[in-house]
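First the structure, in the form of structure tokens, and then the observations on it.
Values in this document were obtained by computation on a predicted structure and should not be read as measured data. Below, all heavy atoms of this structure are taken into account, side chains as well, without hydrogens, waters or symmetry copies.
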Amino acid sequence: MWKRSALLAAVAMSSAWAVQAADYRVETLAEGLENPWSLAFLPDGGMLVTERTGQLRHISSEGELQAEPFSGVPEVFVSGQAGLFEVALDPEFEQNNRVFLSYACGTSKANHTCLASATLDGQALTEVEEIFRVTPAKAGSAHYGGRIAFLPDNTLLLSLGDGFNYREESQKTSSHIGSIVRLNRDGSVPEDNPYVGQDGALPELYSIGHRNVQGLIYDAQGQRVLAHEHGPRGGDEINLVEPGKNYGWPKITFGVDYSGAVISPHTELPGLEQPLLHWTPSIAPAGFSLYRGELFPEWDGNLMVAALAGMEVRRVVLKGNEVVEQESLFGELESRFRDVRSGPDGALYLLTDAAQGKLLKVLPGN
């Protein structure tokens, strides 16, 4: 267990950052997880956790990590950044026991981000069905996206990446690469998708011009979709995502290539959306959550961004669509954070990205 008091919470910050912090303690719920990637809460108080290496794990309502993973997980391509990504419960899970899994499928020479639905039946997945895969296939093992968010009209959004070496695809409506897609929960195309009926455009597209969207949430109170994505060296972004909009990659960016080369001389161009916030140098954002709860009232309504390179969770305070404060949290744990979730009990839950990763629970310190 770790504990930090408000008196010890000051972190080196710019004047635009928040300087007040919550008093909290951090408990370890589970450890020995193999590169855990995503967390979902079950109605009975248990949890599902994905491991990038292809396993879906169950933590019981008593907080015990079950020794055996679920059987029936689709075949996953595991290499580099490729693997099993998000697990998300169907909005009607209590009636149908359906879950959704995003994952890399294929081979090193031809692979995709894929989405499957399945029925949770004891410690097994049954009725497993692939409902979507990215077109076209790509080689390599980087930049898959893989986050899932449900909209109030019973459709879902799936975030995708640009495949690292395929960034020009992000500007094409004939490609899913570097986009966010919107699907019905059976994988069919909603008739009101923004590119439906456009000549040569893929009908699943919701927005384009993304690099590698690693965080995706629907804010029910604000009735908006928010996403964050990795930049290269700098230029990580939080975006307000709207249908049919182009978010600019690689035509505009606040980052440079890993070699130091200029990707684009432009940070803005007509017809391309500007981020609500960008980070340079990169914090490598991963999971994304909107905190709602009474345990930390000072965080209520704030965005929580898990960061890999930053080894922190960045708390972002919005006023409307304007970022007014930021705070760096949990740096004392010296961990790469892959996911952050606001729990139904008001606690904050964290997954650390490591070969022996942990599930952590953040509670008030008093």
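Contacts of Y247 classified as ring-ring contact (aromatic ring centres under 6.0 Å, His included), with partners at least two apart in sequence or in another chain: H210. By the salt bridge (Lys or Arg N to Asp or Glu O under 4.0 Å) test, K251 is found to be paired with no residue, residues two or more places apart in sequence or in another chain being considered. Residues forming a salt bridge (Lys or Arg N to Asp or Glu O under 4.0 Å) with D353 (at least two apart in sequence, or on another chain): R336, R338. E86 meets the salt bridge (Lys or Arg N to Asp or Glu O under 4.0 Å) test with R147, R341; sequence neighbours excluded. In this view, S282 and D236, A284 satisfy the side chain to side chain contact (heavy atoms under 4.5 Å, CB included) rule, not counting sequence neighbours. With sequence neighbours left out, the side chain to side chain contact (heavy atoms under 4.5 Å, CB included) criterion links S188 to N184, D186. Not counting sequence neighbours, the partners of D192 by the salt bridge (Lys or Arg N to Asp or Glu O under 4.0 Å) test are R182.
Side-chain contact between R314 and E327 is absent, with no heavy-atom pair separated by less than 4.5 Å. Within the 4.5 Å cutoff, no side-chain heavy atoms of L216 are placed close to those of F288. Taking 4.5 Å as the limit, some side-chain heavy atom of Q223 sits within range of a side-chain heavy atom of Y218. V225 places a side-chain heavy atom less than 4.5 Å from the side chain of L151. Side-chain contact between E92 and R98: absent, with no pair of heavy atoms (C-beta onward) separated by less than 4.5 Å. Looking only at side-chain heavy atoms (C-beta outward), L158 and S102 come within less than 4.5 Å of each other. Contact annotation: the side chain of I238 never approaches that of P275 to less than 4.5 Å [non-hydrogen atoms, C-beta and beyond]. In this structure the side chain of P74 never reaches within 4.5 angstrom of the side chain of C114, judged on heavy atoms.
Salt bridge present: D219 and R224 bring a charged side-chain N and a carboxylate O closer than 4.0 Å. Ionic pairing of E169 and K172 is present here: one or more N-O contacts between side-chain nitrogen and carboxylate oxygen are shorter than 4.0 angstrom. Comment: D90 engages R185 in a salt bridge, judged by a side-chain N to carboxylate O separation of less than 4.0 angstrom. No salt bridge links R52 with E34; every basic N to acidic carboxylate O contact stays at or beyond 4.0 Å.
Under the 4.5 angstrom side-chain criterion for Ile, Leu, Val, Met, Phe, Trp and Tyr, the cluster partners of I252 are L269, L272. Grouping Ile, Leu, Val, Met, Phe, Trp and Tyr by side-chain contacts under 4.5 Å, direct or through others, puts I263 with W249.
Between E312 and S328, the side chains place a donor N or O and an acceptor N or O closer than 3.5 Å (distance only, hydrogens not considered).
With hydrogens and angles ignored, the 3.5 Å screen pairs a side-chain donor or acceptor of N111 with a backbone N or O of G140. A donor-acceptor pair under 3.5 Å is formed between the side chain of T352 and the backbone N or O of K358. Looking only at distances, a side-chain donor or acceptor of S264 sits under 3.5 Å from a matching main-chain atom of H266. Judged purely by atom type and a 3.5 angstrom limit, T253 has no side-chain atom pairing as donor or acceptor with the backbone of P250. In this structure, the side chain of D257 does not engage the main chain of S259 through any donor-acceptor pair within 3.5 Å. Formation of a donor-acceptor pair under 3.5 Å by the T119 side chain with backbone atoms of N97 is not found in this model. No side-chain donor-acceptor contact under 3.5 Å links S79 to the backbone of A82. A donor-acceptor pair under 3.5 Å links the side-chain atoms of E229 to the main chain of R211, judged by distance alone. For D153 (side chain) and T155 (main-chain N/O), a donor-acceptor pair under 3.5 Å exists by modelled atom type. Between the side chain of E325 and the backbone N or O of V317, no donor-acceptor pair lies under 3.5 Å.
Residue L65 holds its CG atom at 9.0 Å from CG of L359, rounded to the nearest 0.5 Å. Note that CZ of F254 and NE2 of H278 are 4.0 Å apart. Values are rounded to the nearest 0.5 Å. Note that NZ of K138 is 9.0 Å distant from CG of D162, once rounded to the nearest 0.5 Å. In this structure, the separation between OG on S141 and CZ on F77 is 5.5 Å, given to the nearest 0.5 Å. Atom OG of S170 is separated from atom NE2 of H143 by 10.5 Å, given to the nearest 0.5 angstrom. Distance check: L348 CG to L360 CG gives 10.0 Å after rounding to the nearest 0.5 Å.
Nearest heavy-atom pair, R57 versus P69, reported as atom, atom and distance to 0.1 Å: CD-CB, 3.7 Å. Residues Q171 and I208 come closest through the heavy atom pair O-CD1, 4.2 Å. Summarising the geometry of S207 relative to E242, their closest heavy-atom pair is CB-O, 4.1 Å, with the distance given to 0.1 Å.
The stretch residues 42-62 participates, sequence neighbours left out, in these ring-ring contact (aromatic ring centres under 6.0 Å, His included) pairs: H58-F70. Within the structure, every pair that satisfies the ring-ring contact (aromatic ring centres under 6.0 Å, His included) test and touches residues 114-141, not counting sequence neighbours, is listed here: F132-H176. Residue pairs meeting the ring-ring contact (aromatic ring centres under 6.0 Å, His included) criterion with at least one member in residues 79-128, sequence neighbours excluded, are W37-F85, F85-Y144, F100-F150.
Counting non-hydrogen atoms of other residues, nucleotides and ligands closer than 6.0 Å to CD of Q198 gives a total above 12. Residue-environment remark: CD (E75) stays at or below the threshold of 12 foreign heavy atoms within 6.0 Å. The number of heavy atoms from other shown groups lying within 6.0 Å of CD (E268) does not exceed 12.
Aromatic ring orientation, W299 versus F330: perpendicular (interplanar angle above 60°, classes split at 30° and 60°).
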